[in-house]
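All remarks here apply to the structure that follows.
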Amino acid sequence: MPDVIPIKSLTDNPTFDVVLDTIERNKQIIVFVGSKSSAEKTAEEIAQYIKKNKIAIPHDCKLLSEQILHALSKPTKQCEREAKCVENGIAFHHAGLLQKQKTAIEHAFRQGTIKCICCTPTLAMGINMPAYRTVIRDLKRFTKWGQDYISVLEYHQMAGRAGRPGKDTRGEAITLAKTEAEKETIYEEFITADVEEIYSKLAVEPVLRTYVLSLIATEHVRTKKQIIDFFSKTFWAFQYKDMQKLEAIINKMLGLLEEFAFIESNKGEFTTALDYANESYIATAVGKRVAELYLDPLTAHALIEGMKCAKTFSTFSLLQLMCSQLELRPLLNVRKSEYEDIEQQLILHTEELLTDAPTAYDSDYDEFLKSIKTTLFFETWIQEATEEELLLKFDVRPGELYAKKERLDWLIYAAAELAKLLQSRTVEKELQKLRIRVEQGVKEELFTLLKFEGIGRVRARKLYDNKIKDTGDIKKADMITLTSILGPSLAVSLKKQVGIDVEKISVKENKRKGQISLMDY
DNA sequence: GGACGGTGAAACTTCAGGTTGCCTC
DNA sequence: GAAGTTTCACCGTCC
C-alpha cells in the first residue's frame with residue numbers, strides 16, 4: 001500500500017479540498033459526478049471559490065475562454081457558464097457540450113492549461129486523458145429501479161484515469177465516503193471487488209431481428225438449419241447453453257420477418273423433421289434494403305406502414321413518424337407544467353398523424369406525448385430557432401441537439417430509401433427536403449443560398465432577410481451591402497461563386513462618409 | 001409606501017453516454 | 001432517492 005498524502009481541510013466541501021490541494025501541488029485532477037447539471041454546478045462553484053480567494057492559476061485561460069464562449073454564433077447560457085469556469089482554470093465536460101468545446105477543453109487539459117475538469121463518465125470512456133488525481137464523487141446513479149451503485153467495471157474505468165504513465169510516478173484515485181460504514185462498503189463493493197461478468201445481448205429481440213434478416217439477405221445462410229447452426233456457435237449459445245430457447249426466438253423472428261414481407265420461404269408439403277430443418281428463406285427486395293440500411297425490421301415495418309397511409313401529410317406527420325421509433329429514444333420528457341399544452345398540440349395535429357394515437361387511458365400514452373414533444377422540438381429547430389432558444393424551451397443542450405439530429409437524419413435517410421423502393425415519389429421527395437432542413441435547421445426558402453460555400457443557416461437567413469434570395473440576387477447585390485452582412489472576405493468569395501470578380505471593400509469607411517444606410521445587425 | 005434585492009423554504013424536475021446503421025460533398 | 005432548479009413568500013433597505 002503506497003503512502004497516503006494528507007489533504008488539508010480548507011472548506012466544508014471535501015471535493016473542493018481535494019481539488020484545491022491538487023492545484024496547490026501544480027497537478028491536475030478529474031472529478032467524476034453523476035449528472036450533467038452536477039458537473040456544471042461543481043465546476044462553477046470551484047471556479048467561484050478560486051476567483052474569490054484569488055488562488056493563482058499558472059496559465060492564462062482568457063483566450064480559451066473566449067474560444068469556448070464563441071463556439072456558436074450566439075452563445076448559450078451553457079457557453080457563458082463554461083467560459084466563466086475556464087477563465088479560472090476549471091472546466092466541466094459532458095455530452096451536452098459542442099464537439100468543438102469538448103475538443104478544446106481536452107486539448108487544454110493535456111497541455112496543462114486547465115487544472116480541473118468536473119465531468120460525467122464521458123471522460124472515462126475512450127478518450128486518453130489521464131490526470132494525477134481522479135475523484136469519483138458519485139457512486140450511485142439513477143436507474144429504472146431508483147438510485148443504484150454503478151458497476152465495478154465503470155468504477156475501474158474512472159479510477160484508472162489516475163496517474164500519467166511516463167510523467168508521474170504515482171496516481172491517486174479518490175472516492176469520498178460520508179460515513180465510516182460507507183467507507184467500508186466502498187472498499188468492499190468497489191476497491192477489492194471483482195468486475196462483473198459480461199453477458200451476450202444477442203437474444204435481445206431488436207438485435208436478433210436485425211441479425212436474422214441480414215444473414216438471410218446476404219445469403220450467408222439459406223435454410224433454417226443453417227441459421228440455427230450459425231447461432232449455436234455464438235457467445236450467446238456458449239453462455240446460456242439453451243439452444244431450445246434461442247430456436248424458439250429465431251422461429252418467432254422468422255415468422256415476423258415473413259409477415260412483414262422482408263423474407264419469403266419455400267414452405268411446401270413438408271412432413272418430416274428434415275424437411276422442416278431444410279425450409280429455406282430468401283430476402284425480398286425490400287428486405288434486402290432494410291438489411292443494408294441496418295434498420296431494425298420492426299422500425300422498417302413501422303416506417304413503411306406509416307408512409308403507406310401518408311395520403312396527406314405534413315412535416316409534422318413525418319417527424320412524428322420518426323419520433324415514434326425506438327431509435328430516437330430517449331425522447332424528451334413532458335413536464336407536469338406543460339402536460340396540457342402538449343395534449344393540446346396533439347389534438348391540433350391529430351389529423352396529420354401517420355401512427356395510431358393511443359387514448360389517455362393506454363399505458364403508452366405518456367410515451368406517445370413524449371414523441372409529440374420531441375416532434376415539436378425538431379419542428380422548432382427547422383423553423384430556425386437558435387440553440388439558446390432550444391435550451392430554454394426544451395432544455396436540450398447544443399451537444400445533445402447534434403446527437404439527436406444525427407440519429408434523426410439517419411432515420412429520414414432510411415425512410416426515404418424505403419419510399420423510393422415503394423415508389424412513393426411524393427413521400428420520398430418530402431423526406432429528402434426534410435433531411436436538409438433537419439441537417440441545417442432551416443426553412444425550405446433558404447435551400448438555394450445554402451449551396452454556396454461558407455453559407456450556413458445563420459448567414460443564409462441574414463442574406464434572405466436582406467432580400468438576397470438566389471444567384472440572381474447575389475449577382476445584383478452591391479458589395480457594400482454584401483460586405484456588411486458577411487464581412488469582406490466572404491462577400492468577395494460569394495461574388496466569385498456567381499462568376500463575378502470584385503475587390504474587397506471596407507464598409508466602415510463608406511459608412512463614415514455617409515454613403516449608405518444599412519440594415520442594423 | 002412602493003420598488004427592489006436578498007434569503008430560505010417548499011415545490012418541482014430530472015437524473016451517463018455511446019454505437020452502428022447510409023450517402024454525398 | 002437525491003441533487004439541482006425554480007418559485008414564492010418574507011424581510012430589510014433605499015429612495
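Nothing here was measured: the structure is a model prediction, and the numbers come from that model. Within every chain, numbering begins at 1; the chains are lettered A, B, ... in the order of the sequence lines, protein sequences first and strands thereafter.
Rounding to whole angstrom units, CG of residue A:Leu139 and C1' of B:dA16 are separated by 14 Å. Rounded to a whole Å, the CD atom of A:Glu327 is 18 Å from the P atom of B:dG18. Atom CD in A:Glu40 sits roughly 13 Å away from atom C1' in B:dC15 (whole-Å rounding). Across the protein-nucleic acid pair, A:Leu328 atom CG and B:dT20 atom C1' stand 15 Å apart, rounded to whole Å. Taking atom NZ of A:Lys404 as the reference point, atom P of B:dA16 lies 12 Å away to the nearest angstrom. As a whole-Å value, the separation of A:Lys370 NZ from B:dC15 P is 10 Å. Distance A:His93 NE2 to B:dG17 P: 10 Å, rounded to the nearest Å. In this structure, NE2 of A:His94 is placed 18 Å from P of C:dA3, rounded to the nearest angstrom.
Using a 4.0 Å heavy-atom criterion, one finds that A:Leu295 contacts no nucleic acid atom at all. Looking at heavy-atom distances under 4.0 Å, A:Thr143 makes no contact with the nucleic acid at all. Heavy atoms of A:Lys140 sit nowhere under 4.0 angstrom from any nucleic acid atom.
With C:dG1, C:dG4, B:dT20 as the candidates, the nucleotide lying closest to the side chain of A:Phe142 is C:dG1. When distances run from any side-chain atom of A:Asn333 to the nucleotides B:dT19, B:dG17, B:dT14, the shortest one goes to B:dT14. Taking only side-chain atoms of A:Ser35, from C-beta outward, the nucleotide of B:dG17, B:dT13, B:dC15 with the closest atom is B:dC15. The nucleotide whose nearest atom lies closest to any side-chain atom of A:Ser37 is, among B:dT13, B:dG17, C:dG4, C:dG4. Distances from the side chain of A:Arg289 to the nucleotides B:dC23, C:dT5, B:dG17 place B:dC23 closest. When distances are taken from the side chain of A:Leu293 to each of B:dC22, B:dA16, C:dT5, the shortest belongs to B:dC22. Counting only heavy atoms from C-beta on, A:Thr120 has its side chain closest to B:dG17 among B:dG17, C:dG4, B:dC22. Closest approach to the A:Lys102 side chain among B:dG18, C:dT5, B:dT13 is made by B:dG18 (side chain taken as heavy atoms from C-beta onward).
Nucleotide B:dA16 forms no Watson-Crick or G-U wobble pair with any nucleotide shown, as no partner meets the under 3.5 Å limit on both distances.
C:dA2 and B:dT20 have their P atoms separated by 37 Å, with the value rounded to a whole Å. B:dA16 and C:dG4 have their P atoms separated by 12 Å, given to the nearest Å.
The shortest distance between the side-chain N/O atoms of A:Ser38 and the OP1/OP2 oxygens of C:dG4 is below 4.0 Å. Residue A:Lys336 has no polar side-chain atom (N or O) positioned under 4.0 Å from OP1 or OP2 of B:dA11. In this model, the phosphate group of B:dC12 is not approached by any side-chain N or O of A:Arg335 to a distance below 4.0 Å at OP1 or OP2.
Looking at residues two or more places apart in sequence or on another chain, you find a side-chain contact (heavy atoms from CB on, under 4.5 Å) between A:Thr185 and A:Tyr149, A:Glu189.
Ion pairing of A:Lys433 with A:Glu444 is present here, as a side-chain N (NZ or NE/NH1/NH2) and a carboxylate O approach within less than 4.0 Å.
Under the side chain to side chain donor-acceptor pair (under 3.5 Å) test applied with A:Gln432, the options A:Lys429, A:Arg435, A:Glu428 reduce to a single match, A:Glu428.
Side-chain contact between A:Leu494 and A:Leu463 is present, with heavy atoms from C-beta onward closer than 4.5 Å.
Using bins of under 30°, 30° to 60° and over 60° for the plane-to-plane angle, the ring pair A:Phe260/A:His301 lands in the parallel bin.
Residue pairs meeting the ring-ring contact (aromatic ring centres under 6.0 Å, His included) criterion with at least one member in residues 384-418 of chain A, sequence neighbours excluded, are A:Phe377-A:Phe394.
Residues from residues 147-160 of chain A with heavy atoms under 4.0 angstrom of DNA chain B, sorted by number: A:Glu154.
For A:His107 and A:Phe109, the distance between ring centers is not under 6.0 angstrom.
Residues A:His93 and A:Glu106 bring a donor and an acceptor atom of their side chains to less than 3.5 Å of each other. A donor atom on one side chain and an acceptor atom on the other are not found under 3.5 Å apart for A:Ser493 and A:Glu453.
Between A:Val334 and A:Met125, it is A:Val334 whose nearest contact on DNA chain B lies nearer the 5' terminus. Sequence order on DNA chain B of the closest nucleotides to A:Trp410 and A:Glu400 puts A:Glu400 first from the 5' end.
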